[in-house]
Amino acid sequence: MSAITQTSILEGRSGTFARLSDFFWRNPKILLFLMLAPPLLWLGIIYLGSLFALLLQSFFSIDEFSGLINYEFTLDTYRQLLIPSNFDIILRTVVMAALVTLASAVIAFPIAYYAARYARGKWKALFYLGVMLPLWSSYLVKVYAWKLILAKEGIFTWFLAKLHLTWLLDAWLSLPVVGGNSLSISYTGTFIVFVYVWMPFMILPIQAALERVPGNLIEASADLGGNPAQTFRHVLFPLALPGIIAGSIFTFSLTLGDYIIPQIIGSSRLFIGQAVYAQQGTAGNIPLAAAFTVVPIVIMGFYLWMAKKQGAFDAL
Amino acid sequence: MTTAVLFDKVSRHFGSVRAVDSVDLAVVEGEFFAMLGPSGSGKTTCLRLMAGFEQPTGGHIEIFGETAEGVPPYRRNVNTVFQDYALFPHLSILENVAYGLMVKGVGKEERLKAAEDALAMVKLPGYGTRRPGQLSGGQRQRVALARALVNRPRVLLLDEPLGALDLKLREQMQEELKTLQKSLGITFVFVTHDQGEALSMADRVAVFNDGRIQQLGTPEEVYKRPQTRFVADFVGSSNVLSPAFVKSLGYPARYASLRPEALSLGGGTGDVTGERKRVTGTVVATSFLGAANRVTVEAGGGTRIAAMVPASEALPEQGSGVTLSFAAHDLHLMDEAA
Amino acid sequence: MRSDRSASAPMGLKIAAAAGLLFLHVPILLIFLYAFTTEEKSYQFPPPGYTLKWLAVAWDRPDVWAALGLSVRVASIATAVALVLGTLCAAAVSQTRFFGRETISLLVILPIALPGIITGIALRSAFSFAEIPFSFWTIVLGHATFCVVVVYNNAVARFRRVSGSLIEASMDLGADGFQTFRYVILPNIGTALLAGGMLAFALSFDEVIVTTFTAGQQQTLPIWMLEELVRPRQRPVTNVVAMLVVLVTLLPILAAYYLTREGDQVAGAGK
């Protein structure tokens, strides 16, 4: 370590890579541009371009006689959304999405709360996997599993019969709107499957939000004489709210756009996704299909804007 | 005397923030140079300018006479010990130390041998197979030092390298660094916000504030003859006296600094020689500091003066009137007038 | 929430959390049971008997093999594309402070934040507008678009740890940009990229909604399953395939978890 190299500015390696390296070091903006260009071209042109083209089509109309698209600007297609049969579809979907979101939050909260506050070490990892595995398992398989469960001769019926509660199921199925011939062809069935499939997306954001809450805050509330209900209402719930909103972005959006669950488990009444699918497929009415897709985009745009104002993105 | 690092009116502005503002300095080859200042004073930016992580927005930098602007960090024969050590977590200690030689294309056997030697030099022989995560803070600091020194840089930059260590370890490392620097003869540029560290280790100290050098000199000069109120206050917590008060003592009306240990209780008799100045006032606070006590005296006109008195002397009561005295030449008049 | 290590949860909370987890897992486990039932025509429970013969029957079905093969090929290429695009994007976003970072994050998340049917129909109408015939590549294109976000989320989390002083340390020690990438950045983000790739693979392997719009006549495994759900032909074979799909997606998820557990978590919200 005694001999000291006598130059203070080194020669540097030779070759293309070294020259390129120097070039990028002197022009970091060019490097940034080269890194951003491929993903932005892909997402910006292919994805946003398609999306934009789709939205554009909603301002065209379809010629009722020829079935061809009439490329003239019109709001007629949007007017069609408001006719009762179409408007019912929108209303039905939004109500379902809201109910699914609510139910998901209620079921997800205890799991997230337990994982955030009580689970430690091995249990914490187990909880995490316990949420991740169902979240990532095959969507179709999950739907299929519920077809097995809710079918007339399936597990649920068998289970209730064992408990001598068949009368309860029959009473529920005889109710208007939520009832039906069997659970697998009723709104109730659709609702259960929606909750099952999208609920895991609610757990992790709530857990993340709760993990940021110091535990002594809850003790402080209990210390100050707050009973559990008050502690929940005034301390836990407000703190978990950004997480709930972040999770609800997924549950709400995914329910709004789904067309497979109501097709496989549900009554024959349509949801937005099914209407879009039918309009672009069998009916061949792309403008109306496009107009239908604008509904979830607008709702989600509004929702994301609200969520951002509430700071929910930090909990993602 | 060769100049190792030269700053000629160097500025680094981030938008409207003048992190470094027209700084001139010359680090001499082989010296231990400290850059001292509070956070945000520009000392770390100066270090990063030397390393090449930042480019000046104005001025000129030379390293051993060669222009350094526009030269990337990887082509400067200058190495850095980072504040957080920045050891590569995916490499073993030996691979960490050998990294610089590896990227320069030194053969495997040769570079591992050199890395072993460097580890031995920082008193960590045989630690090569471990991972950074398995070492203590002090050990990681030594590895960072070995990793930089194995490249035989002409200048070693140290960015608050002792900041994360506890007091005892820090004092030990201060001595070791000093010894190492003397034996290697490499120029060290050391950034710290700890004035004690700067004074005890450095050959020369540059005191930074607001992106400018307030004073540059030997530790003794900076400590005993601060040129500005900031330096007097930051280095050694001197009493800074207002021009009016200084005038009342019979000096020109300028700001002055007076070190607490220059003051003694009472009028100053016995073996004390030379002219002495006296200040009377009321004791407002006393505190026990171990080897000495600090007595704070209100001397009228809102001037408070702190004096260090040996623990052997009796402490005056709070609220009692006392006389403090000091040798006339201990009061240091600063350049600043009003 | 880390202060009280010793406190135990109230009984009500324990029951609610356990019930919630059971609700998540029992239906998937049932799939395994049904793969071995002797009952062919209905979903009778409990199964009247158990048999292994459906494994053999499914094994001999060429349509299952064709669908599986297509799914694996699509997922592999979509994952490769997503790895490149997601890593580039994450590197750009985390290594520099430039305006519009938020916009880019939003753009990457959009394909999964908007309902899949919108992505699907948008791509479909764009294909027909540009007169691109449906093919293997149209499926890949759709899948890669929504897989980018998974890689991106994993990579961004890891880049945050690597960025800054490690890169400076490498350059300080004499490594130029390419050497720093090869010797410091890549080894540190490698496992995160592998995890992101695994998750992207699982996501693509399982995707059905966008695929129905971009696939034309070809059948990926999920499309095959969807057909069987809507128009059942041989239920026990569907059961076996369902079990297979669960297993195939399980492995990459577990692998991704083990690759990233010491440190950042798998970006679960990124599905």
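Letters A, B, ... mirror the listed sequences (proteins, then strands); counts begin at 1. We use all heavy atoms of the structure for the numbers below, so side chains are in, but hydrogens, waters and symmetry mates are not.
Proximity to chain C is limited to the side chain of Arg48(B), based on heavy atoms less than 4.5 angstrom apart. Residue Asp84(B) touches chain C through its side chain alone, counting heavy-atom pairs closer than 4.5 Å. Residue contact with chain C, scored on non-hydrogen atoms closer than 4.5 Å, is absent for Leu157(B). Using a 4.5 Å cut-off between heavy atoms, Val81(B) does not touch chain C at all.
Atom CG of Asp24(B) sits in a crowded spot, with more than 12 heavy atoms from other residues, nucleotides or ligands closer than 6.0 Å. Annotation for Lys113(B): atom NZ does not count as buried by contact number, only 12 or fewer foreign heavy atoms lying within 6.0 Å.
Considering only heavy atoms from C-beta on, Asp172(C) comes within 4.5 Å of Phe82(B) through its side chain.
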*Worked check of side-chain contact (heavy atoms from CB on, under 4.5 Å) between Leu91(B) and Tyr183(C)*: CA-CA 10 Å; Leu91(B) 298 179; Tyr183(C) 296 123; over 6 Å; no
*Does the side-chain contact (heavy atoms from CB on, under 4.5 Å) test come out yes or no for Phe88(B) and Ser170(C), once each step is laid out?*
CA-CA 9 Å; Phe88(B) 303 122; Ser170(C) 170; 3.9 Å; yes
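Rounding to the nearest 0.5 Å gives a distance of 9.5 Å between CE of Met102(B) and CG of Leu173(C). Going from atom CD of Glu168(C) over to atom CD of Glu54(B) covers 8.0 Å, rounded to the nearest 0.5 Å.
Between the side chain of His90(B) and the backbone N or O of Ile185(C), no donor-acceptor pair lies under 3.5 Å.
Under the side-chain hydrogen bond (donor to acceptor under 3.5 Å, both in side chains) criterion, Thr87(C) pairs with no residue, sequence neighbours left out. Under the side-chain hydrogen bond (donor to acceptor under 3.5 Å, both in side chains) criterion, Gln141(B) pairs with no residue at all, not counting sequence neighbours.
Tyr99(B) and Ala175(C) make their closest contact through OH-CB, 3.7 Å (heavy atoms, listed as atom of the first residue, atom of the second, distance). When all heavy atoms of Pro89(B) and Asn188(C) are compared, the closest pair comes out as CG-OD1, 3.5 Å.
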